Amino acid sequence: MSTSADPLAALAALPGVTESVDAVRTAVDRVYGHRVMRRRSNEVTSEAALRGARGSAALAGADWALEEVRRRTDFGGEGEPRTVGAALRLTAESGQLLSIWRQSPLRVLARLHLVAAGGAEEDERVGRPRRSGEPVDEPLIGSALPLPDADEVAGRLDGLARLLLAGSEAPALVTAAVVHGELLALRPFVSRNGLVARAAERIVLVGSGLDPKSICPAEVGYAELGVAPYMAALEGYASGTPEGMALWIAHCGRAVELGVRESTAVCEALQRGAA
């Protein structure tokens with residue numbers, strides 16, 4: 001990452017990033033201008049939350065149909081039900097953490113991991129960064145990226161927090177993409193890092209004012225684009241090269257655009273009285 005006074009703004013100046021930022025802004029403005037949003041925005045927000053949670057769970061290995069997520073209530077079991085339940089809980093919780101995020105991002109990350117872990121509160125590894133020698137369960141990434149050691153994780157988390165608290169002139173998409181990419185690359189917790197990273201990205205997009213009603217679920221877009229492109233873009237981020245960083249930011253932008261398309265379809269269905 002750049003060593004300039006505002007490294008996030010430096011990323012925003014990379015080739016192709018401005019185009020991604022502009023495309024996202026245009027798409028978000030369009031869905032916020034939909035006539036349904038003037039009267040039924042709460043319904044769109046609720047549906048976007050459900051669809052976003054489904055998308056995030058799909059990337060974590062629980063690729064359930066939307067209607068199955070909608071009707072099921074048994075999210076306490078092992079395996080896929082617990083993953084879907086974690087995604088749903090994170091979606092519900094993230095909207096309550098905006099004010100805390102502005103003061104202490106690391107406190108919010110700890111809370112997100114605690115929420116994602118669900119009934120595992122008795123595990124002393126939950127809600128804190130992993131320590132030396134503790135394994136990481138993150139099947140999506142596996143051995144595709146080197147796993148930073150605990151000391152590097154602690155240092156980079158602290159650096160990320162300081163960067164966020166310092167503020168930046170960078171567009172929300174860039175900041176959100178960096179938060180998402182850094183958490184995935186670091187895998188700071190022993191489990192559920194992908195779910196936590198995507199929830200943190202959502203907090204940034206909402207808290208920045210880009211998507212204040214949380215109706216643009218990027219998680220839908222990531223799932224639609226697929227695991228292979230997601231991992232290829234993440235590897236670009238982890239490389240730290242300008243080209244790799246730009247690839248990751250563009251991938252995140254495309255995911256937001258697809259989330260906008262999903263919520264636009266919800267608006268159209270509500271307008272027709274079909275949802």
Side-chain angles (χ1 to χ4, degrees), residues 1-28 55-56 59 105 136 138-149 152-153 155-164 166-188 193-194 196-198 200-205 208 210-211 216-261:
M1 193 177 293
S2 169
T3 56
S4 70
D6 188 348
L8 293 175
L11 291 177
L14 290 174
V17 171
T18 297
E19 290 81 355
S20 294
V21 168
D22 290 345
V24 166
R25 180 76 266 177
T26 298
V28 172
S56 192
L59 287 171
V136 174
E138 202 66 45
L140 175 65
I141 298 176
S143 60
L145 295 179
L147 183 67
D149 64 28
E152 181 179 352
V153 167
R156 285 173 63 175
L157 280 179
D158 182 66
L160 179 63
R162 286 188 282 106
L163 189 65
L164 294 170
S168 173
E169 295 298 318
L173 172 65
V174 173
T175 303
V178 167
V179 168
H180 183 172
E182 190 72 355
L183 293 174
L184 275 180
L186 290 178
R187 284 148 286 167
N193 290 285
V196 169
R198 291 184 288 275
E201 179 188 60
R202 165 66 24 216
I203 289 173
V204 174
L205 292 173
S208 68
L210 177 66
D211 182 19
C216 307
E219 304 92 336
V220 169
Y222 293 123
E224 183 173 337
L225 290 167
V227 169
Y230 186 69
M231 286 303 302
L234 177 61
E235 288 170 7
Y237 176 89
S239 75
T241 65
E243 297 80 9
M245 299 294 284
L247 173 65
W248 172 250
I249 294 167
H251 188 76
C252 294
R254 182 57 182 151
V256 174
E257 289 184 72
L258 290 171
V260 168
R261 188 179 70 179

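For the numbers below, each heavy atom of this structure counts, side chains included, while hydrogens, waters and symmetry mates do not. Counting from 1, the numbers follow the sequence of the chain as shown. Since the model is a prediction, treat every value here as computed from it, not as a measurement.
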Sequence neighbours excluded and cut-off under 3.5 Å, please list the side-chain donor-acceptor pairs for residues 216-232, or say none.
from : atom 1 : to   : atom 2 : distance (Å)
Y222 : OH     : H180 : ND1    : 3.4
Y222 : OH     : E201 : OE1    : 3.2
Y222 : OH     : E201 : OE2    : 2.7
E224 : OE1    : R261 : NH2    : 3.1
E224 : OE2    : R261 : NH2    : 2.3
Y230 : OH     : H180 : NE2    : 2.7
Y230 : OH     : R198 : NH1    : 2.9

**Message:** Minimum heavy-atom separation for V260 and A27, please, with both atom names.
**Reply:** CG1-O, 3.3 Å
**Item:** By side-chain contact (heavy atoms from CB on, under 4.5 Å) - contacts of V136 (at least two apart)
**Value:** R130, E138, L147, R187, N193
**Item:** Nearest heavy atoms of P188 and L183, plus distance in Å
**Value:** CD-O, 3.4 Å
**Asked** What are the two closest heavy atoms between D6 and S168, and how far apart are they?
**Response** OD1-OG, 2.8 Å
**Prompt:** Checking T26 side chain against A23 main chain: does a donor-acceptor pair fall under 3.5 Å?
**Reply:** no
**Prompt:** Considering only heavy atoms from C-beta outward, does the side chain of Y237 approach that of I249 to under 4.5 Å?
**Reply:** no
**Item:** Heavy-atom pair of closest approach, residues A177 and C252
**Value:** CB-SG, 3.7 Å
**Asked** Got R162 and D158 here, is their nearest side-chain heavy-atom distance under 4.5 Å?
**Response** yes
**Prompt:** Between L210 and V28, which heavy-atom pair has the shortest distance, and what is it?
**Reply:** O-CG1, 3.2 Å
**Asked** What are the two closest heavy atoms between A200 and V179, and how far apart are they?
**Response** CB-CG1, 3.7 Å
**Message:** Applying salt bridge (Lys or Arg N to Asp or Glu O under 4.0 Å), can you list everything that pairs with R25, at least two apart in sequence or on another chain?
**Reply:** D29
**Request:** Tell me, please, which residues at least two apart from E19 pass side-chain contact (heavy atoms from CB on, under 4.5 Å).
**Result:** none
**Message:** Are the side chains of S208 and T175 in contact, using a 4.5 Å heavy-atom criterion?
**Reply:** no
**Partners meeting salt bridge (Lys or Arg N to Asp or Glu O under 4.0 Å) with D22 (sequence neighbours left out)** = none
**Asked** Partners of T241 by side-chain contact (heavy atoms from CB on, under 4.5 Å), sequence neighbours excluded?
**Response** S239, E243
**Item:** Heavy-atom side-chain proximity of L8 to L163 below 4.5 angstrom
**Value:** yes
